[in-house]
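A short worksheet on the structure shown next.
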2 protein chains.
Amino acid sequence: MNNSRLLPSSGQPPTSCARVDCDACDVRALTFCGDLGHDAMSAVASIVSRIEVPAHALLAEEGEQSPYVYNVTAGTAKLYKSLPDGRTQVLGFLLPGDFLGLGDDRLGGLAAESLTRVSVCRFRRRDFENLQERIPVLGRRLLSLAQDEIARSREQMLLLGRKSARERLASFLLGLYDRLEARGEANDPLPLPMTRTDIGDYLGLTIETVSRTLAAFKRDGIISLDGVHAVRLLDPERMRSLATGDEADRMAAC
Amino acid sequence: MNNSRLLPSSGQPPTSCARVDCDACDVRALTFCGDLGHDAMSAVASIVSRIEVPAHALLAEEGEQSPYVYNVTAGTAKLYKSLPDGRTQVLGFLLPGDFLGLGDDRLGGLAAESLTRVSVCRFRRRDFENLQERIPVLGRRLLSLAQDEIARSREQMLLLGRKSARERLASFLLGLYDRLEARGEANDPLPLPMTRTDIGDYLGLTIETVSRTLAAFKRDGIISLDGVHAVRLLDPERMRSLATGDEADRMAAC
DNA sequence: CGATGCCTTGAGAGGAGTCAAGCACGGTGG
DNA sequence: CCACCGTGCTTGACTCCTCTCAAGGCATCG
């Protein structure tokens, strides 16, 4: 991580995204306002700026409250939180369409770092909040997004509290697979832009356990590795039952 | 758990909470509309009914979408989620003021069970959603509550992914202590209405580890037990550093 | 080609899980 | 009033999954 700071003012002058230009923005930028209608969209477009972020840049730091809110339009980033002694927990990976910084004026803000080159739409927090008041439907959309996030967090708590290493890895791979599928992005050779360390920190495991477990999946013929940063799920359904512990590891032990 | 079903229609006829009566409801019922103003409050009051729930009753079941939304006004309940083989993760304990069921028309709904006698304000989900549209400030309040929940979930993910058993227990006790403090409820002999199993399922530990760790805390003079369902934190600050791993267990090992 | 960073693999240790008694409390019924 | 359960909590002995420590492989990059 070169940790080139990105915030609050990037080296690159933000490319303004003019109102009429809105459709020129990557369409995914607007999934969160999707069918909100033309007025809402142009209002959103009027306060947004587009920014390109290099890989391994800090988008937000722990304990800091950023004056901006971001919506990722391309690339991948990680959200994380650490203990004083350095142990860290990755809270999630941001994919195109995801927001960053929405409610993070909360207890102990978190850090975010780009894993790849990332494109974001940036809003000044104040502007964005004003907009919510003027466009009620936008507020409702955000509430719905927040509830999705809560549902995902709960799933992850179940994983972290109760699943074995195999189940965690299987859940992780499938979750990524499904999220990319839902966004219409390529997932057949499943891209893994994050490092083994990131995966371990996301799943509450060590890097060695991640590596060993992936090796075991490969031995068992459940996945094949395309280099280090791409996996092929050879049997998604099998993987799905591994993830929930249904057909426990008995079969895998063979 | 006698699992007396509570939903969708309780045995007890819901006590209607008339508009003018709103102040008669337990004040905490209204913390979520707090300073929303008189109009909003009476609108809320007009669609609410008050219900008393016995201990160990199911308020919601996994995989079911309840037509109601609840706000707890007295007592404690647990929210949880299970794997097919029975392993369960407690996602949180609901205290007075907390909502139940807000976004739970989401992926794999969760179960909720009262731990003590509980009083709730019940809303029909549809009514509640209509209200949000009519009273924008209510929607904003809910968004803010959802963001609090997300922040708490993240803290819990860090706990589940990265903390030791001692740190988990310390975090749990302190978290409860602080939440009760914030609500102005008694927390000196800290009440623990949940069983050891519930605590274990919340912290991703077994019942034996919970028991042993509490015993160790007692030996170390960090807590004293008032029976099984009440604890006294003898040194909250010491506990606080235990919870984050600051002054690691080195001291405790002495 | 050495240096660096990331990943893999092995050997051994340890923290929490599992299995199994035993204890304490509260309820029930003779 | 007390013997008898049932349930939940504690404690001990042992196991095992994952972590820790350490070495080695394999790219990329100056």
Side-chain angles (χ1 to χ4, degrees), chain A residues 1-3 55-56 78 83 85-89 115-116 159-170 192-219 223-231 245 248-250 252-253, chain B residues 1-3 55-56 78 83 85-89 113 115-116 159-170 172 192-219 223-231 245 248-250 252-253:
Chain A
M1 325 180 191
N2 63 37
N3 281 351
H56 311 300
K78 66 176 176 184
L83 288 167
D85 65 4
R87 283 174 286 176
T88 96
Q89 179 67 35
L115 298 175
T116 62
L159 179 150
L160 291 170
R162 288 300 179 216
K163 291 190 182 175
S164 70
R166 282 179 76 90
E167 291 163 346
R168 293 183 196 202
L169 254 303
L192 297 178
M194 60 293 286
T195 65
R196 297 292 189 259
T197 303
D198 292 332
I199 297 176
D201 285 346
Y202 181 56
L203 299 177
L205 301 170
T206 59
I207 176 176
E208 294 95 331
T209 301
V210 172
S211 192
R212 275 190 260 266
T213 306
L214 287 176
F217 280 172
K218 194 173 163 188
R219 268 199 305 281
I223 64 170
S224 70
L225 291 171
D226 263 23
V228 200
H229 291 294
V231 187
D249 282 34
R250 284 159 265 135
Chain B
M1 325 179 191
N2 62 38
N3 280 351
H56 311 299
K78 66 176 176 183
L83 288 168
D85 65 4
R87 283 174 285 177
T88 96
Q89 179 67 34
E113 189 183 315
L115 298 176
T116 63
L159 179 150
L160 292 169
R162 288 300 179 214
K163 291 189 182 176
S164 70
R166 282 179 78 90
E167 291 163 346
R168 293 182 197 204
L169 254 303
F172 166 66
L192 296 178
M194 61 293 288
T195 65
R196 297 293 188 257
T197 303
D198 292 332
I199 298 176
D201 285 346
Y202 180 56
L203 299 177
L205 301 170
T206 60
I207 175 178
E208 293 96 331
T209 300
V210 171
S211 192
R212 276 189 260 264
T213 306
L214 287 176
F217 280 171
K218 194 173 164 188
R219 269 199 306 282
I223 64 171
S224 71
L225 291 171
D226 264 23
V228 200
H229 290 294
V231 187
D249 282 33
R250 285 159 264 136

[X] [atom1] to [N] [atom2]: how many Å, rounded?
X	N	atom1	atom2	answer
B/R162	C/dG15	CZ	P	16 Å
A/L192	C/dC7	CG	P	10 Å
A/R196	C/dG5	CZ	C1'	14 Å
A/L214	C/dT9	CG	C1'	14 Å
A/L203	D/dC19	CG	C1'	15 Å
A/L225	C/dC7	CG	C1'	11 Å

Looking at the side chain of A/A165, which of D/dT18, D/dC9, C/dT8 is the nearest nucleotide? D/dT18
Of the candidate nucleotides C/dT18, D/dT18, D/dC19, which contains the atom at the shortest distance from the side chain of B/T206? C/dT18
Touch check for B/L205, heavy atoms < 4.0 angstrom, all strands: base, sugar-phosphate only, or nothing? sugar-phosphate
Determine the contact category for B/G200: base if any of its heavy atoms lies under 4.0 Å from a base atom, sugar-phosphate if only primed atoms, P, OP1 or OP2 are that close, otherwise nothing. nothing
List the protein contact pattern of nucleotides 25-30 of chain D with one symbol per nucleotide (5' to 3'): B for base contact, S for sugar-phosphate-only contact, - for none; contact means a heavy-atom distance under 4.0 Å. ------
When you compare the protein's N or O atoms with those of nucleotides 19-25 of chain C, which come within less than 3.5 Å of each other, and at what distance?
residue	atom	partner	partner atom	Å
C/dC19	N4	B/E208	OE2	2.9

Is the phosphate of C/dA16, meaning OP1 or OP2, less than 4.0 Å from a side-chain N or O of B/T209? no
Can you tell me which residue among A/T88, A/T206, A/T195 is in a side chain to side chain donor-acceptor pair (under 3.5 Å) with A/D201? A/T88
